[in-house]
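Computation of the quantities below employed the complete heavy-atom set of this structure, encompassing side-chain atoms and omitting hydrogens, waters and symmetry-equivalent molecules. First the proteins, then the strands, lettered A, B, ... as listed; each starts at 1.
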Number of protein chains: 2
Amino acid sequence: MAATIKDIAKKTGLGLATISSYINGGNVRETNRIKIEEAIEELHYEINEVARGLKTNSTKIIGVVIPELNNIFCTEIITSVEDILRNHGYATIVCDCRTDVELEKEAVDFLYRKRVDGIINMPVNAKGSHLRKFKKAGKPIVLIDRVIQELRCDSVVVDNRKAAHDAVKQFFDQGHKKIGIIAGPEDISTANERLAGYMEAWEEQGLEIPQSLIFRGDYTIESGVEGLETLVKENPDMTGVLLSNYEITMGAMIGINELGINIPDDLSVIGFDNLSFARACKPKLTVVTQPTEEIGMQVAHLILERLEHPVKTAGDKDKNNENNRDTKDENLIQDIKLQTKIVEGKSMKTIKE
Amino acid sequence: MAATIKDIAKKTGLGLATISSYINGGNVRETNRIKIEEAIEELHYEINEVARGLKTNSTKIIGVVIPELNNIFCTEIITSVEDILRNHGYATIVCDCRTDVELEKEAVDFLYRKRVDGIINMPVNAKGSHLRKFKKAGKPIVLIDRVIQELRCDSVVVDNRKAAHDAVKQFFDQGHKKIGIIAGPEDISTANERLAGYMEAWEEQGLEIPQSLIFRGDYTIESGVEGLETLVKENPDMTGVLLSNYEITMGAMIGINELGINIPDDLSVIGFDNLSFARACKPKLTVVTQPTEEIGMQVAHLILERLEHPVKTAGDKDKNNENNRDTKDENLIQDIKLQTKIVEGKSMKTIKE
DNA sequence: TATATCATCCGAAACGTTTCGGTTGTATTC
DNA sequence: GAATACAACCGAAACGTTTCGGATGATATA
């Protein structure tokens, strides 16, 4: 049906190899160049990337597996990643796995069968078995936002512990004593790190944390609503609360709205991410923001680097470095950690002694 | 490197065709089944979809081209589409074209070269030349949200005119007289339809619209901020405003916040989309909501239908129906139009006579 | 003019599947 | 036990590229 390189060869009277060479940037005689271009135009020839991929054993596609497409933190990063990869000739297949481990594995397997050249993953949890195929095949893997202990590979994360610590410290500095947190689920490392930062700030004050001030949500809007209502009910004396991701922040604002709580007079809050949302809240929210665009840039550059200088797999090593096996790889691994910052709003009250 | 069907054949002593048949659900003797499965396990065989795609001339991939990944309206729809397609054995490649016509064309061309089986597009503007290749190749196209006049193909849209009309009518019903709108850009059909609905409601009242009440934004947060500030400044007597998409709604809320305007006492508003955001606003916003999940479902089913019963291209027709050319196709085309609904909040004031 | 150099061109083989048409072997029927 | 039916099996060709090694022709050099 569609025109092939053979049709072009036939039409121009040239050989297959010549057409192929021309298409891939090779030189041909001027008269032939014209003939080829005319034939391409006339037959509506378009290169068949499937065939090319089979032959070259590289698809120029990077797989991206994220827990949720419908999540601004993810999409901001992906937008940034895509931009850079596209400018380097790579396309992306984005797979949303609905925060489901099964679907995540399916997505990774699917991408493997599609023979993508590398994979970028914001993992659902801290296990990494689903990525083993890629590791074994020597194809680059870059993790976003969450690291996987059992799988050594490049990653880009933010300093979650410090982010939460600094936010909670700000509460203490402003004279707050009862500071709550709506944390994320236990199987997500960022959630645990943020909770750890929260605890660390308490420890610095030499204070014991009342357990009732910690609510474990699951990074959803609903858990934000529920968390806020629970915390407020169980801690009538709570004066501040840290909302540990964007969905929880939004959920908490809904709860605050419905309960008729006044910010910052009744309660001070520090939210997370999405500056536009923070500005649209009344009063404007103080939030911790993550450098999503920067994350995307780092991720993209990391994987491009690996695509050009692949890490040797164990099988490739020659006799010389049989002893220091893997050490080279290990040394090459890059763990990039970026810093968050706090953008001041009007949701924080200063409590006088 | 990676194991192939040949390796399995060699290892099991069976023929190539047998392995292939087994992989595709064919029957083999029980003893052979075990041998094959063992070999697959041992050699870590994974089917090569690139090779399969070349041979079968079908990739089981649907391309999705949208103006912006970083847009909740888009991602909600895609999430829903993806879910259904995946359950029918199709994967998706999502391309964000940054609301740029050039990039949109590049994305479509890219997907064509990748030989995707069909394409779903939320077009940047009303021209459709970028999709011609797919039309010509007889591959299904489904448009979302915006129709393209010159290109007859399936589409799923919402009744934008009625959506805006009903919202504005509600303002009039509540006694408002000076009702503004922050509209979208002129080259996007939904923006024009919503503006038309706004005008229609005015006409029903037999009133002339002061031009100063109409602000043309571009569907971004920034234009929402700017639009609100402009409208308020130029129309001190404006009592209500319709915000014609989610970004504009958020932007307007930022503007309202910064100007210290009280809702609904100083100004009543009706926003668009994203119910969670509406609930998080203070007071809770009244919004027009679009059925994103339903849109996604319809889109997915439409393209699945077409994949199974492809429309005949002009070239395929035989002599018998040479006269009624294309009529069959035309009749088959489905334009699905869905309705929005208004979710009441507390951002609307009733004005007494 | 003869030789060397170099750009351009070429066909065949290969990538890993699916599929066609045909062969083998087992079970069923008479 | 022969004839029949049918499931299971098989190799070769094909899908549309890239690439290898070599052939051809034009130009520069002697």
Side chains of A/Asn70 and A/Arg98, donor plus acceptor under 3.5 Å: no

In whole Å, I'd like the distance from the CD1 atom of B/Ile5 to the C1' atom of C/dT18. 8 Å

A/Ser20 side chain near D/dT18 phosphate (N/O to OP1/OP2, under 4.0 Å): yes

Nearest-nucleotide 5' precedence on DNA chain D, A/Glu46 against B/Val28: B/Val28

Answer yes when B/Arg115 and A/Glu49 have at least one side-chain N-carboxylate O distance shorter than 4.0 Å, and no when they do not. no

Is B/Tyr22 touching bases, backbone alone, or none of the nucleic acid, heavy atoms closer than 4.0 Å? nothing

Write down the protein N/O and nucleotide N/O pairs, taken from nucleotides 21-24 of chain C, whose separation is under 3.5 Å; answer none if there are no such pairs.
none

Does any part of the side chain of A/Ile78, heavy atoms only, come nearer than 4.5 Å to the side chain of A/Ile66, both counted from C-beta? yes

Axial cation check for B/Tyr112 ring with B/Lys139, 6.0 Å and 45° limits: yes

Length of the line joining B/Ile8:CD1 and C/dT17:C1', which is rounded to integer Å: 13 Å

For A/Glu150 and A/Arg132, what are the C-alpha separation, side-chain angles and deciding distance, and is it a side-chain contact (heavy atoms from CB on, under 4.5 Å)? CA-CA 10 Å; A/Glu150 63 176 273; A/Arg132 263 202 286 262; 4.0 Å; yes

Rounding to an integer number of Å, can you tell me how far B/Asn32 CG sits from C/dT26 P? 12 Å

Short side-chain N/O contact from B/Asn27 to OP1 or OP2 of D/dA7, under 4.0 Å: no

Roughly, in whole Å, what's the span from CD in A/Glu30 to C1' in C/dC9? 16 Å

Look for any protein N or O under 3.5 Å of an N or O in nucleotides 24-26 of chain D and output each such pair with its distance, or none.
none

Which nucleotides of nucleotides 10-15 of chain C have their base under 4.0 Å from a protein heavy atom (B), which only their sugar-phosphate (S), and which neither (-), written as one string 5' to 3'? BB--BB

Are A/Glu42 and A/Lys11 within salt-bridge range, i.e. N to O under 4.0 Å? yes

B/Asp7 CG - C/dG16 C1' separation (whole Å): 10 Å

Salt bridge present between B/Arg33 and B/Glu30 (N-O < 4.0 angstrom): yes

To the nearest angstrom, how far is A/Ile23 atom CD1 from C/dC9 atom C1'? 15 Å

Euclidean distance, atom NZ of residue A/Lys10 to atom P of D/dG16 [Å, nearest integer]: 11 Å

Validation row: A/Val65, A/Ile119 side chains within 4.5 angstrom (heavy atoms): yes

Taking the basic N atoms (NZ, or NE/NH1/NH2) and the acidic carboxylate oxygens, is any pair closer than 4.0 Å for A/Asp335 and A/Arg152? yes

Under 3.5 Å, is there a donor-acceptor pair between the B/His130 and B/Asp109 side chains? no

Does D/dT18 have OP1 or OP2 under 4.0 Å away from a side-chain N or O of A/Asn24? yes

Which whole-number value in Å describes the distance from B/Lys60 NZ to C/dT17 C1'? 16 Å

Any chance NZ of A/Lys35 has more than 12 other-residue heavy atoms, nucleotides or ligands included, within less than 6.0 Å? yes

For a quick check under 3.5 Å, do A/Glu293 and A/Ser80 share a side-chain donor-acceptor pair by atom type? no

